[in-house]
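This structure is a prediction, so every number in the text was calculated from the model and none was measured. Below, chain A is the first sequence line, B the second, and so on; all start at residue 1.
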Number of protein chains: 2
Amino acid sequence: MEGFLQAFNRLSPHTDAARHDLLGCLRSRSFEKGDCLLRSGAICRNLYFLDSGLVKTCFTTSDKEFIMRFFPENNLFTVLDSFTTQAPTFYEIVALEPTTVTCIEQAELEVLCRKHHCTETAFRKLLAFATVNMMKRISEMLEENATERYKHFLKDQGALLQRISLGDLANYLGITQVSLSRIRSKK
Amino acid sequence: MEGFLQAFNRLSPHTDAARHDLLGCLRSRSFEKGDCLLRSGAICRNLYFLDSGLVKTCFTTSDKEFIMRFFPENNLFTVLDSFTTQAPTFYEIVALEPTTVTCIEQAELEVLCRKHHCTETAFRKLLAFATVNMMKRISEMLEENATERYKHFLKDQGALLQRISLGDLANYLGITQVSLSRIRSKK
DNA sequence: ATGATTATTTATCATTTGTAAAAAGAACCC
DNA sequence: GGGTTCTTTTTACAAATGATAAATAATCAT
């Protein structure tokens, strides 16, 4: 719970009352490797802080999987489209390792945002940083070919390489595993 | 100015005081076709509401241009990475038609967000919707090939087709103009 | 209208990536 | 150890896209 609290407090300093209310809404959960934190077709009701482990957010169409993002420990994450609209999503959240999270429900966060200005500020800043990351992703996909995207991944998130399968990395880069294997062999 | 005010009020109902303060910060500007609202290397200091006209947000590397998004009238927009971090950006905002906007400076909006909870809520929701759009874009780029992305554009933003060049559309889709021409001829 | 410029299409060839199938390697279980 | 499964690499071929150049078409300024 401490990690979540600290993360929000770092985004925007929280009053004692806001911290207390926020703490009251937090729940801890654990998942095995391979478990779904969120299934396709469901509504994403939680904002998560990843205490330990690793997850991917992804979606599947006609037996192909595409990965939006990996989230290692000490990250706030959720499926922002469904979390925002509270409509069913086709995205999934899947644990790639044994994972423990601290989470808060969307409805509760919404109440806290109304009640405590500092909490809303923190959430607003979280969203702002999310957009920065997404813009980077879009830019890379526009500008770079698969080889460049692979090298870029090594540079930015190379530490994750040891923890994810090359199949998942290919699904993140938007290419086939065969193509990724080709790229890796050519250096 | 009315459009900006209404847009924010629709995102979160504003108190009279918040509306008044917001109005006090708004400025109107006009641009010719081809003008830059934001230059590469500059800091994006404004959040814009597009009263009339059309703009693109884009970036250029080694004489190739890539387009992040088109914004037609009645849209709130900015370059969110620089607006968030107040650091120089490599993105640009360029008017594709004679354009009039209403804008507010980041520093002023930040003050208003602190002062008026409803303004911060509106801005937070604006960011949330921006992330939804960006997720769609990323998903499409992962899942769809150029032909599918073109058809998708026709479906979602087909009305813009009359107002933008095919070169710009190609730069948005992440393919060459030659490739787009090929796709169009093959139906 | 005329000529100049810009935008779009067409053609050709090289490169990249996808598809499918098979082989090699690694991890796991009994 | 041997067998099983999953992951990764390799191969061969097809399809998509990029690069370049040339040909049309459209637009604009005078």
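Atom NZ in A:Lys33 sits roughly 12 Å away from atom P in D:dC6 (whole-Å rounding). Between B:Glu144 atom CD and C:dT17 atom P the separation is 19 Å, expressed in whole Å. Rounded to whole Å, atom P of C:dG18 lies 11 Å from atom CG of A:Leu173. Atom P of nucleotide C:dT17 and atom NZ of A:Lys64 are separated by 14 Å, given to the nearest angstrom. Straight-line distance from the CE atom of A:Met141 to the P atom of C:dT17: 13 Å, rounded to whole Å. For the pair A:Leu142 CG and D:dG18 C1', the interatomic distance rounds to 16 Å; values are reported in whole Å. Distance, B:Lys186 NZ to C:dT9 P: 14 Å, rounded to whole Å. Atom P of nucleotide C:dA7 and atom CG of B:Leu169 are separated by 14 Å, given to the nearest angstrom.
Using a 4.0 Å cut-off between charged side-chain N and carboxylate O, B:Glu73 and B:Arg163 make a salt bridge. The existence of a salt bridge linking B:Lys56 and B:Glu97 is excluded, since no basic side-chain nitrogen approaches an acidic carboxylate oxygen closer than 4.0 Å. Between B:Lys115 and B:Glu108, none of the side-chain N atoms (NZ, or NE/NH1/NH2) sits under 4.0 Å from a carboxylate O, so this pair counts as no salt bridge.
In summary, the side chains of A:Thr100 and A:Ser30 do not present any donor paired with an acceptor at a separation below 3.5 Å, with no hydrogens or angles considered. A donor-acceptor pair shorter than 3.5 Å can be found between the side chains of B:Glu120 and A:Thr121.
Nearest approach of B:Tyr172 to A:Leu142, heavy atoms of both residues: O-CD2, 3.5 Å. Of all heavy-atom pairs between B:Ser12 and B:Ala122, the closest is CB-N, 3.7 Å.
Remark: B:Arg19 fails to qualify as a cation-pi partner of B:Phe8 under the 6.0 Å distance and 45° angle criteria applied to the six-membered ring.
Between its opening and closing five pairs, the helix from C:dA1-D:dT30 to C:dC30-D:dG1 changes axis direction by 40°, a value rounded to 10 degrees.
Heavy atoms of A:Ser179 sit under 4.0 angstrom from primed sugar atoms or phosphate atoms, though from no base atom.
Taking the side chain as every heavy atom from C-beta outward, B:Leu47 and B:Phe4 approach each other to under 4.5 Å.
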Would you tabulate the pairs of protein nitrogen or oxygen atoms and nucleotide nitrogen or oxygen atoms of nucleotides 8-15 of chain D closer than 3.5 angstrom?
from  : atom 1 : to       : atom 2 : distance (Å)
D:dT8 : OP1    : A:Leu166 : N      : 3.1
D:dT8 : OP2    : A:Leu166 : N      : 3.1
D:dT8 : OP2    : A:Gly167 : N      : 3.2
D:dT9 : OP2    : A:Ser181 : OG     : 3.3
D:dT9 : O5'    : A:Ser181 : OG     : 3.2

